[in-house]
Amino acid sequence: MAEAFDAVELIVEKREGRPLSTAQIDWLVDAFTRGVVADEQMSAWAMAVLLNGMDRREIRDLTLAMIASGERMSFEGLGRPTVDKHSTGGVGDKITLPLAPLVASFGVAVPQLSGRGLGHTGGTLDKLEAIPGWRADLSTAEMREQLRTIGAVICAAGAGLAPADKRLYALRDTTGTVEAIPLIASSIMSKKIAEGTEALVLDVKFGAGAFLPRRELAEELARTMVELGADAGVRTVALLTDMSTPLGLAVGNGVEVTESVEVLAGGGPSDVRELTIALAAEMLALAGRGDEDPAAALDDGRAMDVWRRMIAAQGGDPDAPMAEAREREVLTAQEDGVLTAQDAKAVGVAAWRLGAGRARQGDPVQAGAGVLLAAKPGDAVRRGQPLATLLTDEADRIPRALEALSGAFRVAPAGTPVPDRPLVAGRIAAGSEDPGTR
Ligand code: URA
């Protein structure tokens with residue numbers, strides 16, 4: 001078949017900062033998916049996008065072209081509204097685990113297609129796979145049945161969803177082009193729109209442990225994704241949330257499941273509970289249930305009931321104890337004072353080096369590895385008191401994890417003020433914006 005365009009021409013257009021037409025973008029994505037545009041050409045084009053950007057129409061065209069590269073799911077006919085949530089990823093971010101059953105406990109369907117982790121932020125599937133027997137791979141029919149009967153499903157995204165994104169993401173990962181906002185926004189939203197959810201809440205993080213640490217960039221990403229959602233008819237709201245310090249006290253796989261279960265039982269660390277409730281309130285509002293009180297369903301066991309059914313339906317034993325790491329090392333405070341800083345990125349890297357995360361796709365992860373924090377910023381600490389416990393099955397991983405934590409915890413003299421950083425720092429919805437205060 002004669003090709004309508006030439007890859008080199010389209011790379012040069014972007015290199016010179018000129019917008020591509022809808023037809024050019026459609027061709028590029030389709031030709032790349034068919035192998036007509038080579039990996040090195042697509043990588044060069046991605047770098048041109050990183051340097052010169054794309055306008056709103058181009059980003060929408062790119063998103064639609066990536067959706068068109070694969071299958072499109074639909075959850076019509078379930079008899080329940082569907083709402084999903086996506087987080088740009090953070091250290092200790094286990095919110096999906098309590099959130100999906102919590103929202104489902106109000107009769108809303110939550111189809112969570114999740115991924116495995118790469119790098120210092122963990123993946124939702126890795127966490128759930130710490131539960132003995134639990135399986136991530138469901139057929140579309142199984143997923144639909146679980147949504148109809150239980151309302152919540154967290155499972156692996158099939159290979160058929162936006163395959164162009166999968167290939168492009170793998171190239172970006174190895175060519176220094178991950179951080180391009182048009183590419184991130186179209187990558188995330190193509191999968192969410194193809195998944196067929198009617199509404200979507202985005203948790204876009206900024207701060208040391210986030211994928212985009214600079215708040216202005218996180219805000220721009222949030223706005224771009226909200227616009228893409230609106231253009232595709234998916235009601236979308238984004239919360240901007242602070243990821244300077246880890247969420248909760250547990251960072252790892254099994255330990256994050258345990259902490260999530262504490263939240264589902266009405267307890268758990270206050271920041272994990274606060275963000276779970278804030279995101280649930282947004283999801284319920286988008287599903288037309290804005291007058292419901294999500295906190296009540298954590299406190300009276302309704303969310304826990306859905307969690308237990310959701311885990312059991314996927315082969316997991318909700319009562320099974322989590323695997324315990326064979327080795328542990330306690331890091332203690334060197335002086336009395338107040339904990340003023342706890343660097344999220346450093347804690348994430350330490351957990352990763354202990355075996356909670358993987359360096360390459362397909363590597364195994366340890367269910368019991370991770371970091372258990374013993375204090376939060378603002379807490380008084382005494383010399384010799386534990387600040388964190390490192391967990392791993394392999395003792396030789398501990399020195400490198402300790403290296404990552406060097407300087408991560410700062411203790412200042414008692415009385416030193418610790419800035420009060422709101423966890424939910426802003427909210428962005430189509431046509432209205434409250435980016436919050438700085
Ligand atoms: N997550 C995605 O799915 N895509 C990106 O580009 C970045 C994060």
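Whatever order the structure lists them in is the order used to number ligands and atoms, beginning at 1.
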Among Asp203, Val103, Leu239, the one residue meeting side-chain contact (heavy atoms from CB on, under 4.5 Å) with Glu282:
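Answer to the side-chain contact (heavy atoms from CB on, under 4.5 Å) test with Glu282 among Asp203, Val103, Leu239: Leu239.
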Quick one: do the Ser190 and Asp165 side chains pair a donor with an acceptor below 3.5 Å?
no
Any donor-acceptor pair under 3.5 Å linking the side-chain atoms of Glu394 with those of Gln366?
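Judged by distance alone, the side chains do pair up.
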Taking Arg223 first and then Glu227, would you say they form a salt bridge - that is, a charged N and a carboxylate O separated by under 4.0 Å?
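Salt bridge: no.
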Measuring from each atom of ligand 1, which residues have a heavy atom under 4.0 Å away?
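Lining ligand 1 at under 4.0 Å, by heavy atoms, one finds Tyr169, Arg172, Ile184, Ser187, Ile188, Lys191, Phe211.
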Hey, is the main chain of Ile67 close enough, under 3.5 Å, to the side chain of Lys191 for a donor-acceptor pair?
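No: the side chain of Lys191 does not pair with the backbone of Ile67.
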Backbone N/O of Lys85 and side chain of Gln112: donor-acceptor pair under 3.5 Å
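Pair found, side chain donor or acceptor close to backbone of Lys85.
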